[in-house]
Undergrad: 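The structure's right below; bear with me while I get my questions together.
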Amino acid sequence: MTSQPDQATRTAPKSEPLPGGVRHVGVIMDGNGRWAQARGLSRTEGHRHGLDTLRKLIRHTVSVGLEYLTIYSFSSENWSRPETEVSFLMSLLRRFVQRDLSEIHQANVRIRVIGDRDDLESGIRQLLVDAEDLTRNNTGMTLVVAFNYGSRNEITRAVRALAEQVADGRLSPSDIDAQSIDDNLDTAGIPDPDLIIRTSGEMRLSNFLMWQAAYSEFYFCQCHWPDFDEAAFDQALLDYAGRERRFGGLKAKAL
Ligand code: IPE
Ligand code: IPE
Ligand code: MG
């Protein structure tokens, strides 16, 4: 991968570029359960507070002019949690879409949902489709919601789609390249994340954007997700601005 030419986007050019020219930030919102447990609260209380943090972050990223924000909301492995927690997380998504969609739409935000929709209850699936449809023509920030998302599942589905095209004679195996794989991922058309933030001190991807994060910068912070705020986000951007991305090449001054 070379340093990508700036792709044309629907977003109007911003008067002030963000620190380091960052366009796309992915966030692994982790630590809700530990935040709650440390306060003698139930894990679900942590998720409730986590949703408040998310609302604030969306408002903030819109106000600073970020182009793409991807949030990891529910992983394909999170089904292994107790049924009560899983159903609470499903109801939280429902609440988020029902209560926040109009504000998000007003803010000219476009919603894209990534992840496997097949296992989702039909009511939730419809809510996600409706959110995408309502905001489809918005031209501000794109909010990418990773729900029932896992990279291995996403890549598996992309490989299957390519195999079907080959079997139908629509594609030759020698035409399969990084671009055609990109085009068959849920994130097709979305630039790779420049920066991935994970809260709560864990230093792993947990199946988040593994293909897309090939050259992303990582920022880990100790605070649990409900304590993450605008200042913490700005700090992550400042840290990013000090990084040198090389994409396998050499430092500019070494050329
Ligand atoms: C992140 O917080 C939210 C989701 C995974 C949905 P956790 O629920 O993972 O919180 P910890 O990591 O157990 O503290
Ligand atoms: C990743 O966090 C998933 C989300 C934030 C939605 P997890 O808490 O599920 O990840 P692990 O289990 O600690 O790796
Ligand atoms: Mg966790």
Undergrad: Does anything in residues 176-210 form a ring pair (Phe, Tyr, Trp, His ring centres under 6.0 Å)? List the pairs, not counting sequence neighbours.
TA: Y72-F208
Undergrad: Nearest 0.5 Å, what's the CG-CD1 distance between N184 and I155?
TA: 12.0 Å
Undergrad: N78 side chain to S75 main-chain N or O, any donor-acceptor pair under 3.5 Å?
TA: yes
Undergrad: Regarding D118 and R125, does a basic nitrogen lie under 4.0 Å from an acidic carboxylate oxygen?
TA: no
Undergrad: Mind checking the OG1-CG spacing from T142 to L66? Nearest 0.5 Å is all I need.
TA: 9.5 Å
Undergrad: What residue pairs, at least two apart or across chains, pass salt bridge (Lys or Arg N to Asp or Glu O under 4.0 Å) with a residue in residues 90-99?
TA: R94-E121
Undergrad: Which value, rounded to the nearest 0.5 Å, describes the distance between N148 atom CG and L120 atom CG?
TA: 5.0 Å
Undergrad: Sequence neighbours left out, what pairs pass ring pair (Phe, Tyr, Trp, His ring centres under 6.0 Å) with at least one residue falling in residues 77-103?
TA: F74-W79
Undergrad: Hey, could you give me each pair passing salt bridge (Lys or Arg N to Asp or Glu O under 4.0 Å) that has a residue in residues 195-213? Not counting sequence neighbours.
TA: D30-R198, R34-E202, E202-R204
Undergrad: If we ignore hydrogens and angles and just use 3.5 Å, is the side chain of T53 paired with the main-chain N or O of P226 as donor and acceptor?
TA: yes
Undergrad: Drop me the distance from I111's CD1 to I58's CD1, to the nearest 0.5 angstrom.
TA: 7.5 Å
Undergrad: Can you tell me if R81 uses its side chain to pair, donor with acceptor, with the backbone of E77 under 3.5 Å?
TA: no
Undergrad: Any sub-3.5 Å donor-acceptor pair from E132's side-chain atoms to V113's backbone N or O?
TA: yes
Undergrad: Show the numbers, then the answer: is there a salt bridge (Lys or Arg N to Asp or Glu O under 4.0 Å) between R245 and D194?
TA: CA-CA 9 Å; R245 303 182 73 185; D194 301 300; 2.9 Å; yes
Undergrad: V166, V159: one ILVMFWY side-chain cluster at the under-4.5 Å cut-off?
TA: yes
Undergrad: Out of curiosity, L185 CG to Q212 CD, how far, rounded to the nearest 0.5 Å?
TA: 5.5 Å
Undergrad: Which hydrophobic side chains are connected to L41, either touching it within the sub-4.5 Å cutoff or through other members that do?
TA: W35
Undergrad: Show, in sequence, the C-alpha distance, side-chain angles and deciding distance for D182 and W211, and conclude whether the side-chain hydrogen bond (donor to acceptor under 3.5 Å, both in side chains) test is met.
TA: CA-CA 9 Å; D182 261 340; W211 168 274; 2.9 Å; yes
Undergrad: Are E85 and R43 close enough for a salt bridge, meaning some N to O gap below 4.0 Å?
TA: yes
Undergrad: Between R59 and D229, does any side-chain N to carboxylate O distance fall below 4.0 Å?
TA: no
Undergrad: Show, in sequence, the C-alpha distance, side-chain angles and deciding distance for H24 and T70, and conclude whether the side-chain hydrogen bond (donor to acceptor under 3.5 Å, both in side chains) test is met.
TA: CA-CA 8 Å; H24 182 179; T70 298; 2.7 Å; yes
Undergrad: Got a second to check how far Y219's OH is from T199's OG1, nearest 0.5 Å?
TA: 11.5 Å
Undergrad: Considering only NZ, NE, NH1 and NH2 on the basic side and carboxylate oxygens on the acidic side, decide whether E103 and R55 come within less than 4.0 Å.
TA: no
Undergrad: Can a donor-acceptor pair be found, under 3.5 Å and without considering hydrogens, that links the side chain of S151 to the backbone of N207?
TA: yes
Undergrad: One thing to verify: whether E45 and R48 come together as a salt bridge, which I'm taking to mean a side-chain N less than 4.0 angstrom from a carboxylate O.
TA: yes
Undergrad: Tracing side-chain links under 4.5 Å among I, L, V, M, F, W and Y, which residues wind up in one group with V129?
TA: none
Undergrad: Transitively linked via ILVMFWY side-chain contacts under 4.5 Å: M210 with V144?
TA: yes
Undergrad: Can you list the steps and then say if D239 with Q235 is a side-chain hydrogen bond (donor to acceptor under 3.5 Å, both in side chains)?
TA: CA-CA 6 Å; D239 196 273; Q235 186 54 48; 5.2 Å; no
Undergrad: Take D183 and S180 through the side-chain hydrogen bond (donor to acceptor under 3.5 Å, both in side chains) test and state the conclusion after the steps.
TA: CA-CA 5 Å; D183 293 344; S180 55; over 6 Å; no
Undergrad: Can you tell me if R243 has over 12 outside heavy atoms packed within less than 6.0 Å of its CZ?
TA: yes
Undergrad: Kindly say whether N138 contributes a backbone atom to a donor-acceptor pair with the side chain of N108 at under 3.5 angstrom?
TA: no
